[in-house]
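Order of the sequence lines sets the chain letters (A, B, ...), proteins ahead of strands, with each chain counted from 1. These numbers were taken from a predicted model, which means no experiment stands behind them.
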Protein chains: 2
Amino acid sequence: MSARKVARPAERGHSGGGARHGAADGEPLTGSVEDYLKAIYELEEMTGLAAATNAIAERLDIAPPSVSGMLRRLAALELLSYERYKGVSLTASGRRAALRMLRRHRVIEAYLAGELGYPWDRVHAEAERLEHAASDELIDRMAAALGHPAHDPHGAPIPTRDGTLVMVPRQMLAEQAVGSRARVAAVGDEDGELLRYVASLAIKPGTMVTVVARAPFDGPLTVEVAGKGTKAQRTHVVGSTVARAVMVDAPVKRKRST
Amino acid sequence: MSARKVARPAERGHSGGGARHGAADGEPLTGSVEDYLKAIYELEEMTGLAAATNAIAERLDIAPPSVSGMLRRLAALELLSYERYKGVSLTASGRRAALRMLRRHRVIEAYLAGELGYPWDRVHAEAERLEHAASDELIDRMAAALGHPAHDPHGAPIPTRDGTLVMVPRQMLAEQAVGSRARVAAVGDEDGELLRYVASLAIKPGTMVTVVARAPFDGPLTVEVAGKGTKAQRTHVVGSTVARAVMVDAPVKRKRST
DNA sequence: TGCAAAAGTTAGGCTCTCCTAACTAATGTG
DNA sequence: CACATTAGTTAGGAGAGCCTAACTTTTGCA
């Protein structure tokens with residue numbers, strides 16, 4: 001009368017045989033696999049190279065040998081291509097899965113901030129867990145409730161349902177020339193403390209910042225932040241970590257040595 | 001520099017030794033454990049007896065031997081008391097955990113229906129997954145957004161944050177005397193098809209129903225459902241499964257043989 | 001080019017959760 | 001009250017994920 005659920009590749013380790021390799025793109029992935037794919041996507045994206053085992057390990061807070069093992073599995077699932085001792089890079093189907101997770105994560109972040117009053121430094125942790133549990137329908141309803149936003153609360157672009165990610169050219173605030181003025185496009189999520197600090201400087205997506213000075217040797221940046229009332233500039237000195245977490249839009253140079 | 005997360009009793013099976021038995025009430029439980037506790041609570045509640053191994057197995061769609069093993073573990077965690085071959089019953093701390101899950105589940109259901117336009121026959125499945133991933137903060141924010149509702153969309157009472165569950169006396173529609181009139185208080189969730197059917201009869205929490213007739217041998221009930229415009233009664237014949245899924249408030253007898 | 005440091009891998013374990021097969025205890029009925 | 005039925009248990013395994021210890025490649029640099 002009951003006929004237990006057929007043992008899918010499933011979460012919570014079932015047994016059974018089913019689902020050998022293939023990557024027809026439809027099988028449900030475990031939360032762990034989803035985390036790996038997302039991490040690998042982001043690493044590939046930010047370095048432009050194949051993702052390194054140790055980098056993945058550090059990002060996921062997992063020991064390197066565990067990563068090695070998982071990479072073999074993901075390669076068998078044709079989610080990425082793997083050559084021992086070289087890094088890994090996602091296949092088309094792996095990238096699709098990663099972008100799906102990115103969308104989920106960012107839609108959830110946007111929803112929590114927009115509809116439930118979450119402060120922006122706490123949406124990341126919550127989304128990190130919900131992204132594995134939410135159905136596609138829920139994600140779509142959240143996106144719809146917000147009017148299908150293009151960015152999450154930190155300014156990161158939200159991939160569309162069909163896996164398109166609009167990449168607007170951005171640069172780190174740290175790279176900006178002294179004297180340049182630019183619009184803050186995004187601030188890296190993940191680090192809640194940093195977000196709280198940055199917010200306390202009134203820096204958030206949309207605010208205009210001008211680099212006033214930069215100390216040598218990757219030293220602190222002095223920036224002028226435009227206040228609410230168009231005027232009311234505020235000057236702050238920020239360290240290089242912060243200057244690398246803040247991304248600005250394709251900058252418009254204003255001054256060039258007077 | 002990294003110092004990996006300390007191996008808690010944690011989800012995704014880590015290793016390490018930590019956390020022997022104790023049940024200080026604080027350790028995070030795995031999603032599986034949460035499911036067991038919720039199921040056991042509901043079984044105890046509906047039968048008034050210790051929960052039977054096979055009943056738990058059937059409810060969770062898991063083989064009985066798996067349940068036996070888990071029960072031993074849960075007993076070691078002091079979440080329930082277990083005597084071989086007899087059933088199990090939750091300890092205070094087990095019940096607390098179960099009520100917490102019940103609250104989460106029902107708050108999520110209420111939120112999905114109330115704020116995201118989910119149809120009531122689909123909230124259960126979504127909540128079933130989200131209840132393990134949501135933080136307490138999220139649950140509280142959802143409840144607050146709804147004005148701290150007392151019931152979920154199916155009419156089930158929502159436990160308060162401190163674990164209080166208001167139990168209003170209810171009876172199955174199936175038990176109502178012919179001629180009695182009562183307010184529908186709740187309809188069992190879980191079965192989406194049944195919910196869709198019941199909704200098609202305009203039966204939902206709040207509607208008034210009158211038992212017009214009952215066929216013998218647990219046969220179908222003929223009920224009159226009050227329509228929207230106070231009048232506009234509609235008469236339906238429903239099977240015993242439906243009659244047992246629909247719960248009514250402490251009924252007020254109206255007619256008694258003329 | 002030679003070799004130590006860094007990066008990555010294999011080997012061997014452990015937990016959690018679930019399964020099937022086979023056995024034992026509790027129960028109800030003639 | 002014996003015994004078949006039903007409920008529940010132990011035994012033995014499997015797979016996902018993760019870990020540490022020890023080994024192998026790669027790579028950076030003198």
Side-chain angles (χ1 to χ4, degrees), chain A residues 1-20 27-37 39 43 47 49-58 60-77 82-88 132, chain B residues 1-20 27-37 39 43 47 49-58 60-77 82-88 132:
Chain A
M1 270 293 143
S2 70
R4 202 154 299 116
K5 257 163 297 190
V6 187
R8 307 256 182 98
E11 195 74 311
R12 292 179 204 152
H14 278 237
S15 72
R20 270 300 66 108
E27 340 80 5
L29 306 171
T30 65
S32 238
V33 167
E34 291 174 338
D35 282 341
Y36 274 89
L37 295 177
L43 286 169
T47 64
L49 302 166
T53 300
N54 280 2
I56 299 169
E58 187 171 343
L60 296 177
D61 195 20
I62 276 171
S66 306
V67 174
S68 275
M70 179 62 99
L71 294 183
R72 212 179 315 117
R73 274 187 347 101
L74 297 183
L77 289 169
Y82 177 38
E83 207 179 333
R84 276 159 63 264
Y85 291 104
K86 316 281 197 268
V88 293
H132 304 298
Chain B
M1 269 294 144
S2 70
R4 202 152 300 116
K5 257 164 298 190
V6 187
R8 308 254 182 102
E11 195 74 311
R12 292 181 204 151
H14 277 237
S15 73
R20 270 299 66 106
E27 338 83 3
L29 306 172
T30 65
S32 239
V33 168
E34 291 174 337
D35 282 341
Y36 275 90
L37 295 177
L43 286 169
T47 64
L49 302 166
T53 300
N54 280 3
I56 299 169
E58 188 172 342
L60 296 177
D61 195 21
I62 277 173
S66 306
V67 174
S68 274
M70 179 61 101
L71 294 184
R72 212 179 312 117
R73 278 192 342 103
L74 296 183
L77 289 169
Y82 177 38
E83 208 179 334
R84 277 160 63 261
Y85 291 104
K86 317 278 196 272
V88 293
H132 304 300

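- Per the geometry, CD1 belonging to I56(A) stands 13 Å off P belonging to dC18(D), to the nearest Å.
- In this structure, the CG atom of L77(B) is 13 Å from the C1' atom of dT15(C), given to the nearest Å.
- Closest contact between the side chain of R72(A) and the listed nucleotides dG8(C), dT10(C), dC18(C) involves dT10(C).
- Listed candidates were dT9(C), dC19(C), dG8(D). Nearest to the side chain of Y82(A) is dT9(C).
- Positionally, the nearest nucleotide of DNA chain D for M70(A) lies more toward the 5' end than for the other of M70(A) and K86(A).
- Comparing R84(A) and V67(A) along DNA chain D, the residue whose closest nucleotide (by nearest heavy atom) sits nearer the 5' end is V67(A).
- Atoms CG (L60(B)) and P (dC19(C)) sit 10 Å apart, rounded to a whole Å.
- Put simply, the side chain of Y82(B) reaches to within 4.5 Å of the side chain of R84(B), judged on heavy atoms.
- The side chain of P65(B) lies closest to dT10(D) when the candidates are dC18(D), dT10(D), dA26(C).
- OP1 or OP2 of dC19(D) has at least one side-chain nitrogen or oxygen of S66(A) nearer than 4.0 Å.
- Taking atom CD of E83(A) as the reference point, atom C1' of dT25(D) lies 13 Å away to the nearest angstrom.
- Between Y85(A) atom OH and dA7(C) atom P there is a gap of 14 Å when expressed in whole angstrom units.
- Taking atom CG of L71(B) as the reference point, atom C1' of dC16(C) lies 15 Å away to the nearest angstrom.
- Computed from coordinates, the I62(A) CD1 to dC18(D) P distance equals 4 Å when rounded to whole Å.
- A straight line from CG of D35(B) to C1' of dC18(C) spans 13 Å, rounded to a whole angstrom.
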